[in-house]
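Comments concern the structure below.
The first residue in the sequence is number 1, and the count goes up from there. Just so it is clear, the values below take in all heavy atoms, side chains as well, and ignore hydrogens, waters and symmetry mates. Bear in mind the structure is a predicted one, so any value in this text is a computation, not a measurement.
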Amino acid sequence: MGILKLSMINAINYKIIEDFVATIYSTDIDNFGNKSYYPAILKIISSVNLRSFKDENIICDDKTFCDTALGTNINAVARGLNLPRETTRRKVEELIRLNWVFKCNSELYVTKKWRAINYTNLNSLLEKVKRLSRALEKQSLIENQLKAS
């Protein structure tokens, strides 16, 4: 479909896009309140963990996850977020105390608790992406019909 231009987005689709974007942020706010770095840190760790994850059940126990996922460290997270290492270390320690992150073999992993919540959130986002895709496709078909006539 190419690059979507703002002028192409009608009011209905604009609302769908806004709802999609708001879902991402409202879920983070709902889960973490004013702890703004928590979602970013968790998403960085999770992203690294899943690069080599072999098990099909993402909601497996932490031991299985540690055995099959790729671990990361505080330095990598700090670089990924462009934060000072010490700030990142303190935030990660808080996340460990809150049972969102765990250490295994000196590497960082997101807990089953995070994976379960994130799985649910991602499924919700996927449904919204599908809805957005259908709406934009419908709009594109209408625009193509108008051009053809």
Side-chain angles (χ1 to χ4, degrees), residues 1-83 88 91-105 107-147:
M1 188 157 85
I3 296 175
L4 186 65
K5 295 180 182 173
L6 187 57
S7 62
M8 290 178 50
I9 301 173
N10 64 27
I12 294 169
N13 292 343
Y14 183 86
K15 290 176 187 175
I16 294 170
I17 294 167
E18 278 294 306
D19 183 43
F20 171 71
V21 172
T23 299
I24 297 168
Y25 294 109
S26 63
T27 301
D28 287 345
I29 291 167
D30 194 38
N31 286 334
F32 303 105
N34 64 352
K35 304 292 186 175
S36 61
Y37 285 120
Y38 285 6
I41 291 170
L42 287 163
K43 288 172 184 170
I44 291 271
I45 295 171
S46 181
S47 174
V48 172
N49 291 164
L50 295 176
R51 286 184 188 158
S52 67
F53 187 68
K54 306 284 191 257
D55 195 331
E56 290 187 25
N57 178 13
I58 195 76
I59 316 297
C60 61
D61 63 276
D62 288 344
K63 170 84 171 94
T64 301
F65 191 70
C66 175
D67 290 345
T68 35
L70 181 64
T72 190
N73 59 51
I74 289 171
N75 289 332
V77 175
R79 280 192 312 272
L81 293 173
N82 199 26
L83 288 173
T88 305
K91 300 295 181 190
V92 166
E93 289 301 320
E94 290 172 17
L95 288 166
I96 290 171
R97 280 193 302 277
L98 294 170
N99 193 35
W100 292 107
V101 172
F102 71 99
K103 282 186 181 178
C104 179
N105 303 322
E107 294 183 317
L108 301 172
Y109 299 86
V110 290
T111 62
K112 180 179 179 178
K113 173 183 168 183
W114 164 256
R115 294 190 312 273
I117 290 171
N118 203 42
Y119 182 82
T120 301
N121 293 343
L122 291 176
N123 276 326
S124 173
L125 286 174
L126 179 59
E127 288 306 312
K128 290 181 186 227
V129 167
K130 288 177 184 177
R131 181 175 166 216
L132 175 60
S133 177
R134 286 190 299 268
L136 293 175
E137 182 65 29
K138 182 179 176 182
Q139 181 177 336
S140 179
L141 289 172
I142 291 169
E143 288 173 357
N144 287 338
Q145 288 173 348
L146 290 173
K147 286 179 187 175

Query raised in the report: Heavy-atom distance under 4.5 Å between the side chains of Cys104 and Phe65, does that happen here?
Result: no

Query raised in the report: Got a second to check how far Asn121's CG is from Trp114's CH2, nearest 0.5 Å?
Result: 7.0 Å

Query raised in the report: Do the non-hydrogen side-chain atoms of Tyr109 and Asp62 ever get within less than 4.5 Å of each other?
Result: no

Query raised in the report: Listed by chain and number, what are the disulfide bond (SG atoms under 2.5 Å apart) partners of Cys60, not counting sequence neighbours?
Result: none

Query raised in the report: What are the two closest heavy atoms between Val92 and Leu108, and how far apart are they?
Result: CG1-CD2, 3.8 Å

Query raised in the report: Hey, what do you get for CD1 (Ile45) to CG (Leu95), rounding to the nearest 0.5 Å?
Result: 6.5 Å

Query - Exercise: identify the closest heavy-atom pair between Ser46 and Asn118 - result: OG-ND2, 4.5 Å

Requested in this report: Would you check if Ile41 and Trp100 make a side-chain contact, meaning some heavy-atom pair closer than 4.5 Å?
Outcome: no

**Report entry** Residues forming a salt bridge (Lys or Arg N to Asp or Glu O under 4.0 Å) with Lys63, sequence neighbours excluded
**Finding:** Asp67

Report task. Would you give the length of the straight line joining atom CD1 of Ile58 to atom CG of Leu50, rounded to the nearest 0.5 angstrom? Result -> 4.5 Å

Query - Salt bridge Arg134-Glu137, side-chain N to carboxylate O under 4.0 Å - result: no

Query raised in the report: When rounded to the nearest 0.5 angstrom, what distance separates CD1 in Ile44 from CG in Leu81?
Result: 4.5 Å

Report summary line: Minimal heavy-atom distance between Ala76 and Thr72, with the atoms involved, is CB-OG1, 3.4 Å

Query - Donor-acceptor contact below 3.5 Å, side chain Lys113 vs main chain Leu98 - result: yes

Query raised in the report: Quick check: are there more than 12 heavy atoms from other residues, nucleotides or ligands sitting under 6.0 Å from OH of Tyr37?
Result: no

Query - CG on Leu83 to CD1 on Ile74, rounded to 0.5 Å - result: 12.0 Å

Requested in this report: Look up atom CZ in Arg131 and atom NZ in Lys128, then write down how far apart they are to the nearest 0.5 Å.
Outcome: 7.5 Å

Query raised in the report: How far apart are the closest heavy atoms of Ala69 and Ser52, and which atoms are they?
Result: C-OG, 3.7 Å

**Report entry** Minimum heavy-atom distance between Thr64 and Asp61, given as atom pair plus value
**Finding:** OG1-OD1, 2.8 Å

Query raised in the report: Any donor-acceptor pair under 3.5 Å linking the side chain of Asn49 with the backbone of Leu70?
Result: yes

Report task. State, to 0.1 Å, how close Asn105 and Cys66 come at their nearest heavy-atom pair, and which atoms those are. Result -> ND2-SG, 4.1 Å

Query raised in the report: So with a 6.0 Å cut-off around CG of Asn123, is the heavy-atom count from everything else above 12?
Result: yes

Query raised in the report: Would you say the side-chain atoms of Ser124 pair up with the backbone N or O of Thr120, donor to acceptor, closer than 3.5 Å?
Result: no

